[in-house]
*Asks:* 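I'd like to ask some things about the structure below.
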Amino acid sequence: MTAVDGGARAASAPPEAHEPAVSFRQVTVSRGDRVIWADADLAVLPGQFVAIAGPNGAGKSTLLSAVLGQVRHRGVVEVLGGSPRSAADQIGYLPQRRNFAGGVRIRGVDIVRLGLDGHRWGVPLPLPRRLRSGTADPDRRVADIVAEVGAQDYAHRPIGHCSGGEQQRLLIAQALVRSPRLLLLDEPLDSLDMPSQAAISALLRDICKRHDITVMIVVHDINPVLANLDQIICVSSGKVFSGSPDELLTSERLTAIYGVPISVVDDGRGGKFVVGHEMTPHHQRAL
Ligand SMILES: Nc1ncnc2c1ncn2[C@@H]1O[C@H](COP(=O)(O)OP(=O)(O)O)[C@@H](O)[C@H]1O
Ligand SMILES: [Mg+2]
């Protein structure tokens with residue numbers, strides 16, 4: 001299987017237990033005539049919780065686009081045992097930068113319901129086969145997932161009246177409502193206060209472990225998710241690096257990857273904390 005849409009296996013074929021949920025082999029992505037990153041090799045295993053970090057503009061969102069089959073690439077991308085496009089029905093995706101201004105009257109539950117069938121916007125989405133049978137009552141499904149993300153107290157309010165953290169929980173519910181096997185989240189913690197970042201990170205970890213969902217989460221600050229990670233992917237200077245937290249989270253390794261001084265320090269509670277130093281403006285948000 002190669003390039004944009006070369007599904008060699010049927011979409012419905014379940015991946016073998018030992019097969020990665022996402023694998024890149026020598027993948028290079030270009031936008032126009034510019035290479036964003038090259039020769040990426042990755043293997044994200046089923047059920048892993050994986051952070052994608054790197055400077056602004058390095059190509060983190062582009063990496064998610066490659067998993068979604070939305071950018072042209074060289075090399076081999078496999079998602080859930082097939083091509084990215086064949087897996088689309090099993091992927092939940094929360095794009096970067098969404099917040100709703102105070103005047104937005106749409107209720108939280110309607111935002112979640114949009115993820116299920118799009119019916120209120122006049123573009124009905126077909127339900128995935130596994131949700132069509134059995135207990136596939138859409139209202140029930142929306143209520144269940146709203147409860148699972150802990151949003152039941154405000155889900156019937158206009159979303160513009162919800163706080164940033166509340167909006168984010170509802171958007172996560174939207175991404176989860178079709179029971180995806182792979183969840184892609186692009187900076188879902190951005191612009192949240194520290195307690196909300198920690199709470200949402202723990203919530204995601206919890207839901208995904210309970211339902212065996214593989215998660216790839218783009219972060220600009222890796223610290224709120226550090227305690228929960230199985231793997232880290234760093235996108236920097238046209239390359240993609242990956243490894244376990246133990247492999248990648250050393251001052252030497254991160255400084256080499258980013259090309260600016262970065263320290264990994266003991267947080268005093270058995271964990272680690274990543275600190276960038278003397279960053280140039282281009283690298284201000286290096287991690
Ligand atoms: N649709 C696009 N067309 C052309 N260039 C793009 C497009 N999207 C992103 N880029 C460029 O690709 C590079 C990587 O972007 P992106 O993946 O959004 O970075 P990140 O998410 O790490 O901040 C940037 O230089 C950006 O300007
Ligand atoms: Mg981005």
Side-chain angles (χ1 to χ4, degrees), residues 3-5 22-42 44 49-77 79 84-85 88 91-100 164 167-168 171-172 174-175 182-192 196-197 200-201 204 214-226 229 231-243 248-249 253-260 262 274 276 279-287:
V4 173
D5 193 20
V22 174
S23 82
F24 284 15
R25 290 195 294 281
Q26 288 293 292
V27 175
T28 296
V29 168
S30 306
R31 301 268 200 191
D33 56 6
R34 194 159 63 90
V35 172
I36 307 299
W37 37 257
D39 302 326
D41 286 306
L42 283 181
V44 174
F49 193 94
V50 179
I52 302 167
N56 283 336
K60 303 180 296 298
S61 297
T62 298
L63 195 147
L64 294 189
S65 299
V67 176
L68 288 162
Q70 293 177 350
V71 284
R72 295 195 68 81
H73 62 270
R74 282 205 324 267
V76 180
V77 176
V79 183
R85 292 199 182 168
I91 301 176
Y93 172 49
L94 182 54
Q96 190 171 3
R97 278 201 197 96
R98 328 110 304 243
N99 42 42
F100 300 92
Q167 291 185 6
Q168 215 54 311
L171 287 166
I172 288 167
Q174 186 197 64
L182 173 65
L183 186 61
L184 307 179
L185 304 160
D186 202 342
E187 302 207 19
L189 308 181
D190 215 17
S191 76
L192 300 183
S196 300
Q197 289 184 340
I200 294 218
S201 172
L204 285 167
T214 309
V215 184
M216 299 175 76
I217 176 171
V218 175
V219 290
H220 91 254
D221 177 3
I222 202 166
N223 290 302
V225 295
L226 267 190
L229 292 181
Q231 187 181 169
I232 300 171
I233 296 169
C234 292
V235 187
S236 182
S237 305
K239 296 198 181 67
V240 176
F241 306 84
S242 65
L248 279 195
L249 286 179
R253 193 80 207 278
L254 289 182
T255 297
I257 289 173
Y258 284 86
V260 293
I262 292 175
V274 178
M279 294 180 183
T280 62
H282 177 69
H283 288 96
Q284 265 168 358
R285 295 171 65 195
L287 275 175

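In what follows, every heavy atom counts, from backbone to side chain, and hydrogens, waters and symmetry copies are set aside. Whatever order the structure lists ligands and atoms in, that order sets their numbers, starting from 1.
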*Asks:* Using side-chain contact (heavy atoms from CB on, under 4.5 Å) as the criterion, list what pairs up with A256, not counting sequence neighbours.
*Replies:*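 Here no residue qualifies.
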*Asks:* Contact residues of ligand 1 with a heavy-atom cut-off of under 4.0 Å?
*Replies:*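 Correct list: R31, R34, I36, P55, N56, G57, A58, G59, K60, S61, T62.
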*Asks:* With side chains defined as the heavy atoms from C-beta onward, is the minimum distance between Q231 and V44 less than 4.5 Å?
*Replies:*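 They are in contact (side-chain heavy atoms under 4.5 Å apart), so the answer is yes.
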*Asks:* The test is side-chain hydrogen bond (donor to acceptor under 3.5 Å, both in side chains); show your working for T62 and R31 and say whether it passes.
*Replies:* CA-CA 9 Å; T62 298; R31 301 268 200 191; 3.2 Å; yes
*Asks:* Holding to side chain to side chain donor-acceptor pair (under 3.5 Å), I want the full list of residues that pass it with S196, two or more places apart in sequence or in another chain.
*Replies:*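 For S196, the residues satisfying side chain to side chain donor-acceptor pair (under 3.5 Å) (neighbours in sequence not counted) are D193.
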*Asks:* Taking all non-hydrogen atoms of both residues into account, name the closest pair between L248 and F241 and its distance.
*Replies:*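 Nearest pair, atom of L248 first, then F241: CD1-O, 4.4 Å.
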*Asks:* If every non-hydrogen atom of Q168 is compared with every non-hydrogen atom of L192, which pair is closest and at what distance?
*Replies:*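 What the structure gives for the nearest pair is CG-CD1, 4.2 Å.
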*Asks:* Would you list the protein N, O or S atoms within less than 2.8 Å of the Mg ion (ligand 2), leaving out water?
*Replies:*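 Those protein N, O or S atoms (cut-off: under 2.8 Å from the Mg ion (ligand 2)) are S61 OG, Q96 OE1.
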*Asks:* Indicate the atoms forming the closest heavy-atom contact of V225 with A51, along with that distance.
*Replies:*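 Smallest heavy-atom distance, with atoms named: CG2-CB, 4.1 Å.
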*Asks:* If I compare all heavy atoms of I257 with all of S236, which pair ends up nearest, and what's the gap?
*Replies:*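 Here I257 and S236 meet closest at O-OG, 3.1 Å.
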*Asks:* Check whether any side-chain N or O of S242 sits under 3.5 Å from a backbone N or O of L42 as a donor-acceptor pair, and report yes or no.
*Replies:*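 Absent.
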